[in-house]
Structures are given as C-alpha cells and as structure tokens.
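First the structure, in the form of structure tokens, and then the observations on it.
Small disclaimer: the values here were computed from a predicted structure and weren't measured. Basis for what follows: all heavy atoms, side chains included, without hydrogens, waters or symmetry-related copies. Both counts, for ligands and for their atoms, begin at 1 and track the order of listing.
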Amino acid sequence: LSHDFHGGISASDPMPCSPPQTLSTRRQLYERDFPLYQRPVEIGCFSLDLERRFFNDARQLRYYVEPEHHPNFNLRDGYRDRYVKRDDGVKERIDHILRWILANRSKLRPSETAAASSPPRVLGVEFVTWRGHLTKLLTTPYETREGWLLAVTRLHGTLYMSEVETEAARQERQTRTARHQEMMYWGYKFEQYTCAATAGGRPDQGGVVNTNEAFCTVVRTQLASHRLLFSGEVDCRDPHPSAPPAPFCYLELKTSAEICTPKQRSNFHRYKLLKWWAQSFLPGVPRIIAGFRDDDGVVVAVETYETSKISQLIKNEYNCWKPTVCMNFCSEFLSFVKTVVREDNPRVVYLFSWEPHREVSYSIHRDTDYCFLPDWYVKEITS
Ligand code: A3P
Ligand code: MG
Ligand code: MG
C-alpha cells in the first residue's frame, strides 16, 4: 500500500483555502446542546444466509422469545460440535450495502426537483456506511484502547465510508486465546436461546449456531446537516402484532459478566453501557435485553434496558460519558470529512485514522488496495 499524498489538498482542488488537517477528539470541545438527530426511518432490509449470501428481504429476521423467570442457559453448549463460525479474515467492506442500494435504486432516487437543484447525488444521501462504523465514531471521545481507520471515497457526491482493520486489531484477531474465542460464541448462543424463526415459534436450542446468518436493517436519518444512509445488523424483533413499526420493534440482545461488586457495576456503566447505547441509539432500537452470565457461561439473570433511559442510569457515575459529546463529535467528524474529501473519484481513498490520545488525521491514496468501491457497483450506479 503506497501513501502517495499526506494531508493537504490535491493540486486540482478548487477550494481557495486548505481544509483543516486534523480533528480533535477532546470531550470538552463537544459538550454543548444535543444536535439534531432525525428519527431513523427504515427504508429497507436484507438478509445474509448461512453461506453469507445476500437476499433483498427479511428471511433471516428472528422473533424474541422471553426467557422463563429463572432461565438455565448454558452458553458453552454446542461450542465444540454445533458452531459454524464466519470467516472474519474475509473483508466484505460495504459490499452488502452496495448490493442493497443497487437492488433498491428506484426508492432512492432524489425527486426531480431535488435532482435539478443540487449536484447529482444519485442516492439523495450524503453518507453511506455501516452502523458499526458510526458506533465507533460516537464512542471515540471516550475510547482509550483501540484506534480506527476509516476509508472514504466520494462518488457522484455521495461519501462512502468503509472501515479498514488496524494492524493492532489484526494482531488481536489472530492471537486470541482459546478462552476468548469461546467467549465470542456465548453472545450468539444467547441469541439462539432467546429467538425463534417465526412469531409464536420456539427457540431451537439444539440447533447449530451459524454466525454467517444475519438480518440487517437499512435506515435513513439526518445528524445535524448530514443526511445518512446506514445499515446495521438486528438481532430480533418484538413478536407481538401490535408492536410499533420497524425500527422501533427491534431488540438488541447482549451478554455481560454478572455484576457482583460496586467496581464491576461502575465499569459496566462507564464502558459497556456506552457501547450498548451508541449501537442501539443510532438505528432507533428502543430496547436492549441483557443476559448476565457467570464465569462458566451460565446465564444467571436477564434484564431489559430502554435505550432512551440509559443516559439517566449512568448519571451518578463520576465523570461519566455523555450522549451529547458522542453525537457532536460524530457530527463534527462528518463535517471534517465533507471538507477534506473533495475529489469525486472511485479510485481515490481518503484514509482517516485515529489512535487514542491523538487527533484524527488523514492521508490520500490513489489506485491502491485501499480502494473499496467494486467495479460492479461503480459501473451500475454510473449507468
Ligand atoms: P454480546 O453482545 O453478547 O457480547 P451484537 O451484540 O452486536 O449483536 O454481537 C453479537 C455477538 O457477537 C456478541 O455478543 C459477541 O459474542 C460477538 N461479537 C460482536 N462483536 C465482537 C467483537 N468486536 N469481538 C468479539 N466478539 C464480538
Ligand atoms: Mg447482533
Ligand atoms: Mg447483540
């Protein structure tokens, strides 16, 4: 991978003055009023089957089944013999979202008037990305361990953002302990204990856990002045016919170590609830069902968290995270990206990078392995 240009603007850039080179992640800078965040609208969904094949429908959507009062879920069951693990060495980038866009182009075209009055933003949105990438942006002002790399390409006015695995993340992935690898299975096993394939169905506790399978919602929303389209994996929905429409019927499932001491409770509030809140707030998922498990992977309690009440729950923690800081930082980052990413070219990647205790910076890459918009997409969306 070559770095042919570092920072600054390209010679062809028409901007009269240079955009800023870096963006600060200091929390204090983002402590102001909560920015506009439009109620997310589900504009579609897609499914990935047990071989990770794309379908433009909800076939993989699952239905929540409330556990008994004293469930006896053993999350270790099936790890050895009923587990098909997705190959996380395969980088899918944003390909599934691009497939969804091509399959739903008619729904996305901006209206005649909007198309006539503004540059040809084929999609009527300014940013296309995964929800998970936005979650990382939201938590950045509070993150002290893991940095990130985000590749951004401008095509027909739309900014596509796709994460690049950091060297540290690759190392971590390739050197996980046997215990850690098993614990990564526990979250999926909990999903199997609490989900059915049909409304009114029963969980298939003896079945295979296959982490290739996924159901993803595609939502449109606006953060401050930024019009966003993103997709996120959804664990299940409320099975009741009277449940609100998507995305407000969706539920996020989580597992966490049982809380036995005040210190553990404080850490749970400060670190885990931040990630849980950011992930579910973005697509408008209203509830998070948490299975608390012991060290042997046995679920000892199940609790429901309302996403909108999490920030109240943590207010007693000293120097705790604030939703407004998360959202204002994300909004500022997207503004930064808009000013930096000027060249509209599928072969050019602006790579934004951040490490804890540093500022966000970027580099520019032309015709390199960082390019992530596939030819099949560029060809089809340009025609
Ligand atoms: P838990 O959330 O119970 O930990 P998600 O909660 O986002 O739906 O993800 C489902 C499960 O995938 C997680 O369950 C966890 O087991 C696994 N998982 C997700 N992200 C992970 C990560 N970065 N590292 C390890 N495991 C992860
Ligand atoms: Mg999930
Ligand atoms: Mg989950």
Query - side chain to side chain donor-acceptor pair (under 3.5 Å) pairs, two or more places apart, involving residues 310-321 - result: S266-E317, H269-E317
Query raised in the report: Is the centre of the F336 ring less than 6.0 Å from the centre of the F352 ring?
Result: yes
**Report entry** Listed protein N/O/S atoms, distance to the Mg ion (ligand 3) under 2.8 Å
**Finding:** D235 OD2, E252 OE2, L253 O
Report task. Can you label the angle between the H96 ring and the W130 ring as parallel, tilted or perpendicular, going by 30° and 60°? Result -> perpendicular
Query raised in the report: What do you reckon, are the aromatic ring centroids of W277 and Y142 less than 6.0 Å apart?
Result: no
Query raised in the report: For T217 and E42, what are the C-alpha separation, side-chain angles and deciding distance, and is it a side-chain hydrogen bond (donor to acceptor under 3.5 Å, both in side chains)?
Result: CA-CA 7 Å; T217 179; E42 181 176 76; 2.6 Å; yes
Report task. Report whether F190 and W276 are members of the same hydrophobic cluster (ILVMFWY, side-chain heavy atoms less than 4.5 Å apart, transitive linking). Result -> no
**Report entry** Of all pairs that satisfy side chain to side chain donor-acceptor pair (under 3.5 Å), the ones with a partner from residues 285-302, not counting sequence neighbours
**Finding:** D238-R287
Report task. Below 4.0 Å from any atom of ligand 1, which residues have a heavy atom? Give them in chain and number order, please. Result -> M184, G187, Y188, E191, E233, D235, E252, L253, K254, T255, Q279
Query raised in the report: When the ring centroid of Y362 is compared with that of W354, is the distance short of 6.0 Å?
Result: no
**Report entry** Criterion ring-ring contact (aromatic ring centres under 6.0 Å, His included) on Y250 and Y64, from CA distance to verdict
**Finding:** CA-CA 9 Å; Y250 292 145; Y64 182 60; over 10 Å; no
